[in-house]
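Working notes for the structure below.
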Amino acid sequence: MSHGSGGYDRHITIFSPEGRLYQVEYAFKAAKSNGLTAIAVRGTDSVCFVTQRKVPDKLTDPSSVTQIHSITKNIGMLLTGMHGDARSLMQKARSEAAEFRFKFGYEMPVHYLARVLADQAQVYTQHAYMRPLGVIPILIAIDEERGPQLFKVDPAGYFVGYKATAAGVKETEAVNMLEKKFKTGPQYSQKEVVELAISTLQHVLGEDLKVSDIEVGLASAQDGGRFRVLSCEELEEHLVAISERD
């Protein structure tokens, strides 16, 4: 059965006469299906990301709901999109990182992991029997040679390094705001990086966030390059600082 213009069947992996690939477009839409927004910012000695914490219902244990995962001791991943796809991609990333360490004897660099995930995503766009994953991963780490690193991989298999980026429902608004913040090429400290990410999320959502509303992942040279998720006490300190500044 044909769909779309000119009898084009969008259920097979082939470009439409307009040059569109519907499977990939659907994957991008699916990545926004959970209604969340994520922000990531890179500083001089640290890099972080923040996302909303949305609990499905009152009976769900909040501690079991997260979009942030540790891939290695140094690499953190934030996944925006379909939860099942996110869990699958997270396991894939951990497997690739573990295999790399076993084979070469040192931790996988974050830029190489981003390339591996992008290559796999691109393969998914080539065959009708493969469905591109409806999830967008953001990767952060402190590289021993390159310093703070931030990458985003999309369902089409495109990846690139960023000074700051966003994903999810309010991606466009967040990117516009971040572009203004980085227009003069500022250098942000660890505290400034975290608070810029949180304040940007608050601004695009149009609401004041509480500790229970967000989760923040941070990789910092001050912690020896290790990735960690900020505690409720740390989040409260940053939220208070932001509110006092505003």
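Quantities reported herein were computed from a predicted structural model and do not represent experimental measurements. As a basis for the values below, the full set of heavy atoms in this structure was taken, side chains included, without hydrogen atoms, waters or symmetry mates.
Judged purely by atom type and a 3.5 angstrom limit, Glu236 has no side-chain atom pairing as donor or acceptor with the backbone of Val211. Between the side chain of Thr44 and the backbone N or O of Tyr188, at least one donor-acceptor pair lies under 3.5 Å.
Interatomic distance, CD1 of Ile214 versus CG of Leu235, reported as 5.0 Å (0.5 Å rounding). Atom CZ of Phe182 is separated from atom CG of Leu196 by 6.0 Å, given to the nearest 0.5 angstrom. Separation of atoms OG1 (Thr200) and CG (Leu178) is listed at 4.5 Å; rounding is to 0.5 Å.
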Exercise for review: I would like to know whether Leu89 and Asp85 meet side chain to side chain contact (heavy atoms under 4.5 Å, CB included); could you show each step before the answer?
Suggested key: CA-CA 6 Å; Leu89 189 61; Asp85 286 4; over 6 Å; no
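Counting non-hydrogen atoms of other residues, nucleotides and ligands closer than 6.0 Å to CD of Gln91 gives a total above 12. Residue-environment remark: NE2 (His203) stays at or below the threshold of 12 foreign heavy atoms within 6.0 Å. The number of heavy-atom neighbours closer than 6.0 Å to CZ of Arg115, taken from other residues, nucleotides and ligands shown, is 12 or below. For Lys170, the NZ atom counts as loosely surrounded, since its 6.0 Å shell holds 12 or fewer non-hydrogen atoms of other residues, nucleotides or ligands. Other residues, nucleotides and ligands contribute over 12 non-hydrogen atoms within 6.0 Å of the CG atom of Asn176.
Of the charged side-chain nitrogens involved, none lies within less than 4.0 Å of a carboxylate oxygen, so that Glu179 and Lys183 do not count as a salt-bridged pair. Between Lys191 and Glu195 a salt bridge is recorded (basic side-chain N to carboxylate O distance below 4.0 Å). Ionic pairing of Lys210 and Asp213 is present here: one or more N-O contacts between side-chain nitrogen and carboxylate oxygen are shorter than 4.0 angstrom.
Side chain to side chain, Gln190 and Ser220 meet the donor-acceptor criterion of an N or O pair below 3.5 Å.
With sequence neighbours excluded, the residues forming a ring pair (Phe, Tyr, Trp, His ring centres under 6.0 Å) with Tyr106 are Phe100, listed by chain and number.
Side-chain contact between Met90 and Leu79 is present, with at least one heavy-atom pair separated by less than 4.5 Å. Using a 4.5 Å heavy-atom cutoff, the side chains of Gln52 and Leu209 are not in contact.
Minimum heavy-atom separation, Val169 to Thr37: N-OG1, 3.7 Å.
Cluster partners of Phe227 are Val47, Phe49, Ile68, Leu78, Ile138, Ile140, Ile142, Leu150, Tyr158, Val160, Tyr162, Val229, counting Ile, Leu, Val, Met, Phe, Trp and Tyr whose side-chain heavy atoms approach within less than 4.5 Å, directly or via other members. Met177 belongs to no hydrophobic cluster, as no Ile, Leu, Val, Met, Phe, Trp or Tyr side chain comes under 4.5 Å of its own.
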